[in-house]
Amino acid sequence: MSIRYRSTRGCADDPGIELSQALTAGLAPDGGLYVPTALPSIGAVDPQAPLSEVASHWLQPFFADSKLAEALPQLCRQALDLPLPRVDIGADGDQVLELFHGPTAAFKDFGARFLAACLGALREPNEPVRTILVATSGDTGAAVAGAFHRLPGFRVLILYPDGRVSARQAHQLGAFGDNVHCYRVSGSFDDCQRMVKQAFADQDLREQCAISSANSISLGRLLPQATYFAKGCAERAAETGRAVNLIIPTGNLGNALAAILVRACGGPIGRIVLASNANRVLPELFAQRRYQGRASVATLANAMDVGDPSNYERLAWLYPGESLFAAEIDAQSVADAQIKARIKAAYAEYGYVACPHTACALEVLARLREQGDREPWMLAATAHPAKFETVVEPLLGQTVPPPPALAALLAKPSSALPMRADYDQLRGELQAVAKT
Ligand SMILES: *Cc1c(COP(=O)(O)O)cnc(C)c1O
């Protein structure tokens with residue numbers, strides 16, 4: 001079977017484009033998201049093999065027809081050799097799959113590093129330097145900056161809302177230097193995102209500066225995220241002899257969609273529950289069988305403050321019509337007060353220190369237990385709690401030391417340039433850095 005990629009908004013007889021074209025393009029020209037023209041059935045992965053080997057086996061059918069097919073094993077070694085520990089919690093066989101042991105301490109490192117490796121491999125020798133332009137509410141910007149830092153032929157321009165990311169997140173964003181340009185915008189995350197969208201829609205600007213996106217709708221981020229679920233669930237299924245039920249902290253649906261894809265390709269995954277914060281769009285979708293995107297609300301789990309997840313379009317493609325509601329997927333909403341209470345309870349009950357996002361998944365697990373569910377669950381832990389020290393430390397009454405990679409960044413000097421929430425200023429900066 002040869003897999004190509006077409007838009008979620010395209011028609012079923014569209015022959016599609018090759019993977020590397022979809023990776024470079026990001027969004028499809030009709031505004032849809034790229035999806036594979038077929039879903040492969042992927043045989044059992046070796047739970048003993050390192051993640052990079054599992055990844056190269058699992059991704060092989062998706063890459064077979066592309067320019068990157070031969071490079072795939074090397075890309076996986078280069079980008080995905082990160083630790084993937086599973087930690088037992090409680091006595092019911094539940095586990096946490098920790099996805100935050102990469103250089104910037106959030107799961108987004110896997111996707112950002114893999115995308116950078118792919119774009120680096122696809123770069124032609126005489127191409128102008130490409131600017132990766134990102135708006136971030138915290139974690140994405142750091143992961144993308146870390147992945148492209150000092151990568152020849154690329155520079156990164158980050159916009160983040162001044163005063164609205166944690167102190168450690170802000171320090172981290174400004175600490176890379178070299179080819180990473182960091183701007184603190186006097187405005188909200190939505191302002192940052194609007195300015196970035198305007199830049200991508202500005203044809204004159206795009207003729208002068210080569211700009212690319214690295215946001216979470218990119219296939220180059222989605223596909224590698226599937227591999228840690230393939231590996232973690234294969235390991236657990238080998239121990240228990242049964243499919244693994246997953247609870248996944250969810251915002252823009254990138255991480256959860258990767259798990260759903262693994263299951264759709266035959267991976268040993270059972271039920272999937274999405275843990276949302278007070279942004280209720282997904283819980284409402286499953287309760288009312290109707291999708292209604294809305295504006296986002298600010299919560300303690302700020303990386304999940306999404307009111308209208310862009311990856312929903314891929315979920316609707318995978319499960320057309322009412323089939324989504326028979327797909328063993330559910331979603332639950334967790335309010336800030338419950339996040340706080342759960343961070344304390346998880347520490348008291350299991351000695352587990354969770355970030356506010358992971359706490360949403362822990363709260364969903366506690367509810368399932370209260371309802372009498374006795375099956376074992378695996379929870380995705382999406383960020384290291386030390387990244388959200390201002391929330392976690394007061395609740396636990398103790399400091400949460402950063403892991404070594406994060407500590408190294410925090411020890412470096414950090415600087416971010418001020419920017420107004422004004423597109424013309426961004427445009428000027430893009431033109432100025434393109435000349436350097
Ligand atoms: C980005 C992020 C999420 C949400 O992931 P999605 O793929 O957008 O659903 C959850 N937790 C943390 C820590 C994140 O950085």
Side-chain angles (χ1 to χ4, degrees), residues 33 96-112 114-115 134-147 160 165-166 168-169 172-173 189 193 214-226 228-229 246-262 272-279 281-283 285 293 296 299-315 329 331-334 339 343 353-364 379-389 391-392 403 406:
L33 276 56
V96 174
L97 181 67
E98 291 188 343
L99 305 176
F100 54 70
H101 294 277
T104 73
F107 83 87
K108 293 188 175 76
D109 281 328
F110 288 97
F114 191 80
L115 176 66
V134 270
T136 184
S137 58
D139 286 342
T140 302
V144 169
Y160 74 87
V165 305
S166 83
R168 279 187 184 159
Q169 280 179 317
Q172 190 182 28
L173 288 166
F189 170 64
Q193 205 160 34
N215 70 19
S216 77
I217 53 117
S218 168
L219 277 176
R221 285 180 54 184
L222 181 67
L223 290 172
Q225 286 171 186
Y228 49 70
F229 287 116
L246 287 172
I247 306 175
I248 304 174
T250 296
N252 212 18
L253 259 173
N255 205 17
L257 206 84
I260 293 169
L261 195 61
V262 171
I272 296 175
V273 183
L274 317 177
S276 298
N277 56 23
N279 290 278
V281 57
L282 296 169
L285 165 68
S296 66
T299 75
L300 293 174
N302 64 8
M304 299 174 3
D305 291 349
V306 180
D308 190 5
S310 30
N311 274 305
Y312 169 69
E313 226 174 286
R314 286 198 173 108
L315 190 65
I329 303 174
Q332 295 205 24
S333 167
V334 177
I339 291 177
I343 289 173
V353 182
C355 85
H357 313 80
T358 306
C360 293
L362 287 159
E363 169 66 17
V364 168
L379 283 59
T382 49
H384 193 287
K387 263 187 125 166
F388 298 91
E389 81 285 4
V391 179
V392 178
L406 182 54

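We count ligands from 1, going down the list as the structure has it; atoms in each ligand are counted the same way.
Looking only at side-chain heavy atoms (C-beta outward), Asn311 and Ile217 come within less than 4.5 Å of each other. In this structure the side chain of Arg314 reaches within 4.5 angstrom of the side chain of Leu222, judged on heavy atoms. Annotation: side chain of Leu282 is in contact with side chain of Pro309 (closest heavy-atom distance under 4.5 Å).
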Take Ile247 and Leu379 through the test side-chain contact (heavy atoms from CB on, under 4.5 Å) and record every step on the way to the result. CA-CA 5 Å; Ile247 306 175; Leu379 283 59; 4.0 Å; yes
Could you give me the CA-CA distance, side-chain angles and deciding distance for Leu406 and Lys387, then say whether side-chain contact (heavy atoms from CB on, under 4.5 Å) is met? CA-CA 8 Å; Leu406 182 54; Lys387 263 187 125 166; 3.9 Å; yes
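By the 3.5 Å distance cut-off applied to N or O atoms, Gly254 is counted among the residues near ligand 1. Polar contact check, His357 against ligand 1: no nitrogen or oxygen pair lies under 3.5 Å apart. In terms of N/O distances under 3.5 Å, ligand 1 is approached by Gly251. Considering backbone and side-chain atoms alike, Leu253 places an N or O below 3.5 Å from some N or O of ligand 1.
Of all the atoms in ligand 1, the ones that sit under 4.0 Å from a non-hydrogen atom of Asn255 are 7 (O). Taking every non-hydrogen atom of Met304 and a distance limit under 4.0 Å, the qualifying atoms of ligand 1 come out as 3 (C), 4 (C), 10 (C). Taking a cut-off of under 4.0 Å to the non-hydrogen atoms of Thr250, the atoms of ligand 1 that pass are 9 (O). Proximity to Ala383 (heavy-atom distance under 4.0 Å) selects the following atoms of ligand 1: 13 (C). Every atom of ligand 1 with a heavy atom of Asp139 under 4.0 Å away is listed here by number and element: 12 (C), 13 (C), 14 (C), 15 (O).
Distance CZ/Phe388 to CG/Leu300: 10.5 Å, rounded to 0.5 Å. Atom CD1 of Ile343 and atom CD of Glu363 lie 11.0 Å apart (nearest 0.5 Å).
Although no hydrogens or angles enter the test, the distance criterion places a donor-acceptor pair under 3.5 Å between the side chain of Asn277 and the main chain of Ala301.
For atom 11 (N) of ligand 1, the closest non-hydrogen atom of the protein is Thr382 OG1, 2.8 Å. Taking atom 2 (C) of ligand 1 as the reference point, the nearest protein heavy-atom neighbour is Lys108 NZ, 2.4 Å.
Using a 4.0 angstrom heavy-atom cutoff, Phe107 counts as in contact with ligand 1.
When heavy-atom distances to ligand 1 are checked against a 4.0 Å cut-off, Asn252 comes that close through both its backbone and its side chain.
For the side chain to side chain donor-acceptor pair (under 3.5 Å) test with Asp139, the passing option among Lys108, Gln172, Gln169, His357 is Gln169; the others fail.
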